[in-house]
Protein chains: 2
Amino acid sequence: MDAAILDAIASPRRREILRLVWNEEQTAGAIHRAMPDVTFGAVSLQLRSLVQSGLLEARAEQRNRFYKARREALGPVAEMLERMWDDALWKLKLAAELEQTRRGPAPRKRRGRKRKS
Amino acid sequence: MDAAILDAIASPRRREILRLVWNEEQTAGAIHRAMPDVTFGAVSLQLRSLVQSGLLEARAEQRNRFYKARREALGPVAEMLERMWDDALWKLKLAAELEQTRRGPAPRKRRGRKRKS
DNA sequence: CCATTGATTGAGTTTAAACTAAAATATCAG
DNA sequence: CTGATATTTTAGTTTAAACTCAATCAATGG
């Protein structure tokens with residue numbers, strides 16, 4: 001309802017999530033798998049922030065947590081997003097943007113040992 | 001054109017500016033006078049960023065610089081903004097938000113001296 | 001119970017955004 | 001030229017966003 005919405009959709013990452021769960025619910029894991037350039041933790045944090053600002057709803061089922069967009073909460077913004085996603089131009093721009101927008105902590109120091117695997 | 005638009009409108013400050021110059025051009029000074037809680041410099045920087053992302057156009061006339069929104073550049077976003085501004089609910093939210101969103105450097109230390117060059 | 005899988009949480013790091021204050025630039029007036 | 005007015009620019013500061021890594025929690029299956 002408030003303008004936290006605009007903040008939410010300003011982030012390419014959150015927009016990507018929003019799109020993934022726009023038409024059908026997805027588990028946190030599935031969402032993470034769709035964006036392998038960040039950790040599961042990072043995704044979880046964004047999911048939390050989206051839920052907190054009312055843009056997603058979460059449903060727990062067994063080990064999984066399903067997330068889904070609350071389109072009603074987006075008001076005029078929902079329409080705008082859909083139009084953006086339908087627009088081929090925007091699509092290209094977005095791809096380029098995600099590539100470039102990676103700021104965060106910058107991959108540096110190696111510290112944690114034992115990544116195991 | 002790109003999604004810098006979403007970034008631009010995510011900021012309450014930039015949204016405020018955008019609205020001020022939506023229907024008629026305004027000088028930088030007038031814009032600043034409309035938001036006395038920040039310095040002229042801060043306003044000027046935002047104006048610059050808005051021009052750079054193509055959302056405003058600037059015109060110089062004598063000592064003054066007139067700014068005006070480039071609505072065409074906003075695409076689907078323009079419509080959304082207008083609807084937001086027409087919506088009484090949003091109006092209230094925004095007021096509250098501007099009050100609260102003041103982050104920036106927090107007024108503190110005194111330092112800078114002698115710019116010299 | 002123990003290991004595994006799915007997800008959240010917490011602590012710490014890096015970076016960029018949004019400011020401020022002061023200096024610089026530009027235009028005009030006398 | 002000097003000074004005033006309008007605006008931009010530069011440099012420095014604070015804060016929050018977006019991450020990472022590791023620890024933890026929860027449910028399930030042997």
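Any value given below was found using the heavy atoms of this structure, including those in side chains, with hydrogens, waters and symmetry copies removed. Quick note on labels: first sequence line is chain A, next is B, and so on, each numbered from 1.
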Next on the checklist: Does C:dC19 have OP1 or OP2 under 4.0 Å away from a side-chain N or O of B:Gln46?
Outcome noted: yes
Item to check | Pair B:Arg83 + A:Glu79, salt bridge at N-O below 4.0 Å | outcome: yes
Checklist entry - Going by atom types alone, do B:Arg13 and B:Gln46 pair a side-chain donor with an acceptor below 3.5 Å? => result no
Checklist entry - So does B:Thr39 get a side-chain nitrogen or oxygen closer than 4.0 Å to the phosphate oxygens (OP1/OP2) of C:dT20? => result yes
Item to check | Residues B:Glu82, B:Arg71: salt bridge by 4.0 Å N-O rule | outcome: yes
Checklist entry - Looking across every strand, which nucleic acid part, if any, lies under 4.0 Å from B:Arg33 by heavy atom: base, sugar-phosphate, or nothing? => result nothing
Checklist outcome for this item: Atom NE2 of B:His32 and atom P of C:dC19 are separated, to the nearest Å, by 11 Å
Checklist entry - How close or far is atom P of D:dA18 from atom CG of A:Leu50, stated in whole angstroms? => result 10 Å
Next on the checklist: OP1 or OP2 of C:dA17 versus the side-chain N and O atoms of B:Arg14: is any pair under 4.0 Å?
Outcome noted: no
Item to check | Which atom of A:Leu56 lies closest to which atom of A:Ala69, heavy atoms considered | outcome: CD2-CA, 3.6 Å
Item to check | Whole-Å distance separating the CZ atom of A:Arg13 from the C1' atom of D:dA18 | outcome: 9 Å
Checklist entry - Looking for any heavy atom pair under 4.0 Å, which part of the strands does B:Gly41 touch: base, sugar-phosphate only, or nothing? => result base
Checklist outcome for this item: B:Thr27 has its side chain closest, among D:dC19, D:dT7, C:dT20, to D:dT7
Checklist outcome for this item: Regarding the side chain of A:Arg63, the nearest nucleotide among C:dT9, D:dA27, D:dT8 is D:dA27
Checklist entry - Among C:dT9, D:dT7, D:dT9, which nucleotide sits nearest the side chain of A:Leu45? => result C:dT9
Checklist entry - Given atom CZ of A:Arg59 and atom C1' of C:dA7, what is their separation to the nearest angstrom? => result 15 Å
Next on the checklist: On DNA chain C, compare the nucleotides closest to A:Asn64 and A:Ala42; which residue's is nearer the 5' end?
Outcome noted: A:Asn64
Checklist entry - So what does B:Phe66 hit on the nucleic acid, given a heavy-atom distance under 4.0 Å: a base, only sugar-phosphate, or nothing? => result nothing
Checklist entry - Does OP1 or OP2 of C:dT8 have a side-chain N or O of A:Tyr67 closer than 4.0 Å? => result yes
Next on the checklist: Starting the side chain at C-beta, find the nucleotide from D:dA18, D:dT8, C:dG6 nearest to A:Ser11.
Outcome noted: D:dA18
Checklist entry - Below 4.0 angstrom, N of the basic side chain to O of the carboxylate: do A:Arg59 and A:Glu25 qualify? => result yes
Checklist entry - Closest to the B:Arg48 side chain: D:dT10, C:dA18, C:dT8? => result D:dT10
